Amino acid sequence: MFTDVNNVLNFSKELLSSSLSVGICENKCDSSFLFHHFLSFYLKNECNVVFVSLCQSFGHFNCVSSKLGNNLTKLREENKLIFVEGVKSLSQCFTYSKVKGDNQWQSCILANGEFLVTALFNILKKHVETAQNATGSSHKTVLVIDSISTLLDVGVSARDTLTLVQYLRVLMTDIKGHLILGCAENTTDEHALLLSSYLCHSMDLNIQVHGLQTGYCRDVHGQLITRWLQPFSREKTAVRSWQFKLTDKTCAVFAAGMSSAVL
Amino acid sequence: MATSFQKKSRGKGLQISGAKPSLYNNQLLVSSGIPSLDHLLGGGLAVGTVLLIEEDVFGNYSRLMLKYFCAEAVMTGHSMLLASADLSPDQLLSDLPRPIIDDPVNADEQTKEQYFDEHMKIAWRYTNLPKFQSTPTTVKFGHYYDLSKTMEEDLLKTANAEMIKIGINNADNFSMATNASNYMALIEKIQNKIEMEHFSTSSNPEKRNILRIALHSIGSPLWGENGGLLPDGEYDPSLSRFLLALRAILRSAFAVCVLTLPTHLMCDQAFVNRIERLCDTVVHVDSFAGSDKEKNPAFKEYHGLFNIKKLPSLNTLMCHMPDSLDLAFKLRRKKFTIEKLHLPPELSDSANRSQEDPDKRIKPESGCGNGGNSKLDF
């Protein structure tokens, strides 16, 4: 958990009382630090987390989390964390080999090669329900998917992906849980743009992680644009822009141009 | 008196020949066969990851890099799986560069002896100081290769290599296999090899080895790929699916994969971006051969540009970052070096090379003066 990121996002324990959806768009920059942040934030606040990773393995998250002070293996055994190895499950849908053990995700693929998002939604829903029942309803349930764009890459249509996102939003709002989705933004990719702009417009909080326009810099790793949607007031959305720098265990966030290397 | 002090033997979890743990994270690294590239990537290629080399237009340098990778497999005794549609993999293997095996320690000692035999005349006070070894005798990581010779046959025979030729399956059947079936067949072969020869992390063989997977020019038309498009113009996810499956398999195996891919043949930038996101490390090779840059004096020293597009952050929050991501490479007979692009010093008479007028005759004569070339003329 990075305190700087929490301060910037106005993220605190109070938010846990209501439902919330967060969309994270990355563009020419790695946004994985935000997922590590949210993972440790929710685990520290004793939420039940369902984490679906579509671009990394459990080992990676375990290693980073142990540096941030969470033991994922232990939490997983205690059923506080349900970690879904999405890379493995999703790729097994498409490789037509005999699969050892039963992979639920196999049900997503039809005989003619079509991918069924409704089946995927049912799988995710089941995970969320198990998480909810694990320690009673007093704890918040959180669903995190780290890169939903991977679905587009493997050939799921943008329309189906958007439907899935919409269903997941309704599901999490109904149980007053939190939903965190990540996607890759790309201006040349029509379908990815559709997905990222949808996340941008529909989620309560939108975070954009951009690389610097001037290229890689040692002291500033990228730009962070946060956008809180205010559906009930007639105010404009509050857009704020920051820059950040990652170190081994922390993330420093500061106003643009206020890097300690400059001052 | 017996002492309770004992030298602690460090609990070395894994010791595999040709691999070392990373200094930054706990990843196991293997050499790519090019020491300067290893250095740029933070020590070497992390086991369980995919390196994508985006080919230069003629594919010469990317093929060379792949050969270095394979040659390193032979030198370290790693298993190898080589697939190609363009050249026959056997041909690629028989054409590996010969390693330069002169023990640097021995050579150093010889020169040292010679040196100290001579009586010191200027720094004579230093004659009696103990000599120390400047080259540490650690396990060697990465080799240099001589491109003018090919690898010895008996050394090649020691290689544990499996060849896969992609393309037309049998001569009577001229119909090309589709890209999807090519990729799926390949992923199945990789999966089988990992299972049969115990490269997976869950298996427990008595002697661990590492599998190196080299895929030459994957995604070229010879593989049946059509730049990510189906004949009816729809998006073709076969290559993305292949890469996702490859990542899933490699993450739980002692294997590392290098693939070269002709991105210049793909007109859809969005497709290239998707492929890049599905690989862990992405580098781009851009040769000067046949381009205008070949004649540019600024690039006289180099053979091409080398651009790092993506570095993996594995088991850490942030990845290792070199000083610069825009680099250049040069090829010598015994060395392929990737280094920071330096412009040569400005020594010529004419000030700006790019603004120099190529054709002076067309230039109108100046009104005053005698039209000489001296800079002092107005």
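All values below were derived from every heavy atom in this structure, side-chain atoms included, with hydrogens, water molecules and symmetry-related copies excluded. Throughout, protein chains are lettered first and strands after them, A, B, ... in sequence-line order, and every chain is numbered starting at 1. Here the structure is a predicted model, which is why all the values come from computation and not from measurement.
With a 4.5 Å cut-off on non-hydrogen atoms, A:Phe33 touches chain B through its backbone and its side chain both. For B:Leu317, the parts lying near chain A are the backbone and the side chain together; criterion is any non-hydrogen pair under 4.5 Å. For chain A, the nearby part of B:Pro322 is the backbone; its heavy atoms alone come within less than 4.5 Å. Looking at A:Phe2, only its side chain comes within 4.5 Å of chain B, counting heavy atoms on both sides. Heavy atoms closer than 4.5 Å to chain A are found in both the backbone and the side chain of B:Ser313. Proximity to chain B (any heavy atom under 4.5 Å) is restricted, for A:Asn186, to the side chain, taken from C-beta onward.
Heavy-atom minimum distance, B:Asp323 versus A:Arg218: OD1-NH2, 2.7 Å. B:Ala248 approaches A:Ser91 most closely through the heavy-atom pair CB-OG, 3.4 Å.
A:Cys55 places none of its side-chain heavy atoms less than 4.5 Å from the side chain of B:Arg277.
Within 6.0 Å of the NZ atom in B:Lys193, the count of heavy atoms belonging to other residues, nucleotides or ligands exceeds 12. Residue-environment remark: CD (A:Gln166) exceeds the threshold of 12 foreign heavy atoms within 6.0 Å. Residue B:His39 qualifies as open at atom NE2: its count of foreign heavy atoms under 6.0 Å is 12 or below.
Without hydrogens or angle criteria, A:His60 side chain to B:Leu314 main chain gives no donor-acceptor distance under 3.5 Å.
Across A:Val154, A:Thr188, A:Val64, A:Asn62, the residue that shares the most heavy-atom pairs under 4.5 angstrom with chain B is A:Val154. Of the listed residues (B:Met321, B:Gln269, B:Arg251), the greatest number of heavy-atom pairs within a distance under 4.5 Å of chain A belongs to B:Met321. Contact count against chain B (heavy-atom pairs under 4.5 Å) is highest for A:Leu152 among A:Leu152, A:Asp30, A:Thr150, A:Val156. In terms of heavy-atom pairs under 4.5 angstrom with chain A, the leader among B:Ala245, B:Ala180, B:Cys319 is B:Ala245.
Here the straight-line distance linking atom CG of B:Leu278 with atom OG of A:Ser147 works out to 8.5 Å at 0.5 Å rounding. Rounding to the nearest 0.5 Å places CZ of B:Arg241 at 9.5 Å from SG of A:Cys93. Rounded to the nearest 0.5 Å, atoms CG (A:Asp189) and CG (B:Asn273) are 7.5 Å apart. Distance check: B:Leu244 CG to A:Gln92 CD gives 10.5 Å after rounding to the nearest 0.5 Å. Put simply, CG on B:Leu243 and CG on A:Asp153 are 9.5 Å apart, with the number rounded to the nearest 0.5 Å. Atoms OG1 and CD1, on A:Thr95 and B:Ile190 in that order, are 11.5 Å from each other to the nearest 0.5 Å.
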Only distances under 3.5 Å count here; give the side-chain donor-acceptor pairs of residues 83-90 of chain A to other protein atoms, sequence neighbours excluded, each with its distance to 0.1 Å.
unit_1, atom_1, unit_2, atom_2, d
A:Ser89, OG, A:Glu85, O, 3.0

Mind listing the side-chain donor-acceptor pairs of residues 248-258 of chain A below 3.5 Å, one per line with the distance, residues two or more places apart or on another chain?
unit_1, atom_1, unit_2, atom_2, d
A:Thr250, OG1, A:Thr247, OG1, 2.5

